[in-house]
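As the structure is a computational prediction, the values presented were derived from the model and not from experiment. Order of the sequence lines sets the chain letters (A, B, ...), proteins ahead of strands, with each chain counted from 1.
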Protein chains: 2
Amino acid sequence: MVCKTEIQQPVAEEISLPKVLHALSDPVRMEIVLKIARAGEVACGAFDIPMPKSTLSHHFRVLRESGVVASRREGNELMNYLRSEDLEARFPGVLEAIIAAGKTSSIERG
Amino acid sequence: MVCKTEIQQPVAEEISLPKVLHALSDPVRMEIVLKIARAGEVACGAFDIPMPKSTLSHHFRVLRESGVVASRREGNELMNYLRSEDLEARFPGVLEAIIAAGKTSSIERG
DNA sequence: CAACTTGTTCGAGATTTATCGAACAACATA
DNA sequence: TATGTTGTTCGATAAATCTCGAACAAGTTG
């Protein structure tokens with residue numbers, strides 16, 4: 001599957017562990033990641049998070065710039081997916097364990 | 001072995017995933033965690049990190065309040081150790097995978 | 001082309017975090 | 001008791017982050 005519209009993202013070898021952990025340390029972003037993990041690919045608009053578009057877009061930016069999420073255009077919406085292979089190659093087991101932990105614990109600030 | 005002087009830390013069941021990830025998302029704190037992971041127990045003063053005591057103390061506080069690290073007094077120094085069992089029970093595989101990832105990748109800001 | 005949808009970018013304000021020096025507390029030892 | 005060691009707490013400042021509305025860009029559909 002070829003991605004037509006690539007957004008700014010780090011190449012696999014340059015994904016930074018602190019940045020990945022920071023990206024996942026926010027409850028909103030964790031919720032986004034969990035939903036993508038369940039559904040495989042999710043459009044930005046498919047999250048019923050009570051929050052302005054601009055704020056949500058900010059969180060997607062953090063997720064992309066950290067290397068956790070990638071996006072491709074499909075029509076006029078952006079489909080988001082996890083960079084599971086890149087992350088697994090660089091930090092084996094990390095994303096998997098964090099997602100499993102996120103599924104079993106309520107994600108709250110504090 | 002009994003800990004005589006307990007510092008403020010969350011009980012195991014109340015350890016928060018976002019807080020743990022945030023604690024580990026700082027390169028200085030990750031370096032601290034990696035050193036403790038290698039040595040088992042390390043006194044605060046045993047880190048040759050070019051940084052004032054107060055700043056280092058701040059990072060230890062974040063690590064303790066997140067539940068990643070616990071400390072006990074030994075003479076007039078504080079021995080720090082990872083709460084590996086508590087974290088493994090609550091978030092299986094997470095700390096282990098992150099430590100392994102930290103060992104194999106240079107921990108840098110950015 | 002005009003209207004609509006989806007999502008980003010651009011400011012700005014508010015909150016959080018990191019860093020540091022100085023003062024303080026606990027402990028050990030002379 | 002006085003001195004030295006270890007580490008914390010207390011301000012203050014600087015930097016990063018989160019949040020939001022308004023404007024913009026890309027794509028679709030009438």
Side-chain angles (χ1 to χ4, degrees), chain A residues 3-9 16 18-33 35-36 41-66 68-81 107-110, chain B residues 3-9 16 18-33 35-36 41-66 68-81 107-110:
Chain A
C3 301
K4 296 182 179 178
T5 306
E6 283 296 342
I7 317 290
Q8 76 304 36
Q9 293 152 10
S16 147
K19 280 193 173 178
V20 167
L21 298 180
H22 171 258
L24 296 173
S25 72
D26 182 281
V28 174
R29 291 193 290 264
M30 190 67 195
E31 191 177 334
I32 292 173
V33 166
K35 177 149 184 170
I36 300 178
E41 266 194 345
V42 187
C44 297
F47 297 84
D48 43 351
I49 300 179
M51 186 168 281
K53 294 185 304 175
S54 55
T55 303
L56 214 48
S57 185
H58 159 73
H59 288 301
F60 275 105
R61 168 195 279 267
V62 175
L63 287 169
R64 288 184 198 115
E65 289 182 344
S66 69
V68 173
V69 163
S71 311
R72 66 183 179 80
R73 250 197 194 284
E74 188 164 310
N76 66 349
E77 57 185 15
L78 281 177
M79 299 303 293
N80 301 280
Y81 55 98
I107 304 300
E108 286 143 14
R109 174 88 76 178
Chain B
C3 301
K4 295 181 179 180
T5 306
E6 283 296 343
I7 317 290
Q8 77 304 38
Q9 294 152 12
S16 147
K19 279 192 174 180
V20 167
L21 298 181
H22 171 257
L24 296 173
S25 73
D26 181 280
V28 174
R29 292 193 289 264
M30 191 65 195
E31 191 177 336
I32 292 173
V33 167
K35 177 149 186 171
I36 300 178
E41 267 194 346
V42 187
C44 297
F47 296 84
D48 44 351
I49 299 178
M51 187 169 279
K53 293 185 305 176
S54 55
T55 303
L56 215 46
S57 185
H58 159 71
H59 287 302
F60 276 105
R61 169 195 277 266
V62 174
L63 286 170
R64 287 184 198 114
E65 289 183 345
S66 69
V68 173
V69 164
S71 310
R72 66 183 180 81
R73 241 188 204 291
E74 188 164 309
N76 67 350
E77 56 185 19
L78 281 177
M79 300 302 294
N80 302 280
Y81 55 97
I107 304 301
E108 286 143 12
R109 176 86 77 177

When rounded to the nearest 0.5 angstrom, what distance separates CD in A:E65 from CD in A:Q9?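 Result: 9.5 Å between the selected atoms.
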Mind checking the NE2-OG spacing from A:H22 to B:S25? Nearest 0.5 Å is all I need.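 Reported value, rounded in 0.5 Å steps: 6.0 Å.
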Does the side-chain contact (heavy atoms from CB on, under 4.5 Å) test come out yes or no for B:F60 and B:C44, once each step is laid out? CA-CA 8 Å; B:F60 276 105; B:C44 297; 4.0 Å; yes
In whole angstroms, how far is the [atom2] atom of [N] from the [atom1] atom of [X]?
X     : N      : atom1 : atom2 : answer
A:E65 : C:dT9  : CD    : C1'   : 12 Å
A:E77 : D:dT29 : CD    : P     : 11 Å
A:L56 : C:dT8  : CG    : C1'   : 12 Å
A:R72 : C:dT6  : CZ    : P     : 17 Å
A:K19 : D:dT17 : NZ    : P     : 9 Å
B:F47 : D:dT6  : CZ    : P     : 14 Å
B:L78 : C:dC27 : CG    : C1'   : 11 Å
A:F60 : C:dT8  : CZ    : C1'   : 12 Å

For nucleotides 1-5 of chain D, which of its nitrogen or oxygen atoms have a protein nitrogen or oxygen under 3.5 Å away, and what is each distance?
{"from": "D:dT5", "atom 1": "O2", "to": "B:N76", "atom 2": "ND2", "distance (Å)": "3.0"}

Please confirm whether the shortest side-chain N or O distance from [X] to OP1 or OP2 of [N] is below 4.0 Å.
X     : N      : answer
A:R73 : C:dT6  : no
A:H59 : D:dT19 : yes
B:R61 : D:dT9  : yes

Counting only side-chain heavy atoms from C-beta out, which of C:dT8, D:dG7, C:dA18 sits nearest to A:R64?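 Comparing C:dT8, D:dG7, C:dA18 against the side chain of A:R64, the answer is C:dT8.
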Given 3.5 Å as the limit, does a donor-acceptor pair link the side chain of B:S57 with the main chain of B:S54, or not?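 Judged by distance alone, no pair lies under 3.5 Å.
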If you apply the rule side-chain contact (heavy atoms from CB on, under 4.5 Å), what do you find for B:L63 with B:N80, and how did you get there? CA-CA 10 Å; B:L63 286 170; B:N80 302 280; over 6 Å; no
Which residues share a side-chain contact (heavy atoms from CB on, under 4.5 Å) with B:K35, sequence neighbours left out: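 Listed in chain order: B:V42, B:F47, B:D48.
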Please list, chain by chain and in numerical order, all residues satisfying side-chain contact (heavy atoms from CB on, under 4.5 Å) with A:T55, sequence neighbours excluded.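 Expected list: A:M51, A:P52, A:H59.
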[X] vs [Y] side-chain heavy atoms within contact, under 4.5 Å:
X     : Y     : value
A:I49 : A:I32 : yes
B:R73 : B:M79 : no
B:V20 : A:L21 : no

In terms of side-chain geometry, is the basic nitrogen of A:R29 or A:E31 positioned less than 4.0 Å from the acidic oxygen of its partner?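 Judged by the 4.0 Å cut-off on N to carboxylate O distance, A:R29 and A:E31 do not form a salt bridge.
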On DNA chain C, compare the nucleotides closest to A:G45 and B:V62; which residue's is nearer the 5' end?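 Closest to the 5' end, via its nearest nucleotide, is A:G45.
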Mind checking what makes salt bridge (Lys or Arg N to Asp or Glu O under 4.0 Å) contact with A:E77, not counting sequence neighbours?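 With sequence neighbours excluded, A:E77 shows a salt bridge (Lys or Arg N to Asp or Glu O under 4.0 Å) to no residue whatsoever.
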Relative orientation of the end axes in the helix from C:dC1-D:dG30 to C:dA30-D:dT1, expressed as an angle to the nearest 10° (five pairs per end):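 Nearest ten degrees gives 20° for this helix.
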What's touching nucleotides 20-24 of chain C from the protein side, N or O pairs under 3.5 Å?
{"from": "C:dG21", "atom 1": "N7", "to": "B:S54", "atom 2": "OG", "distance (Å)": "3.1"}
{"from": "C:dG21", "atom 1": "O6", "to": "B:S54", "atom 2": "OG", "distance (Å)": "3.1"}

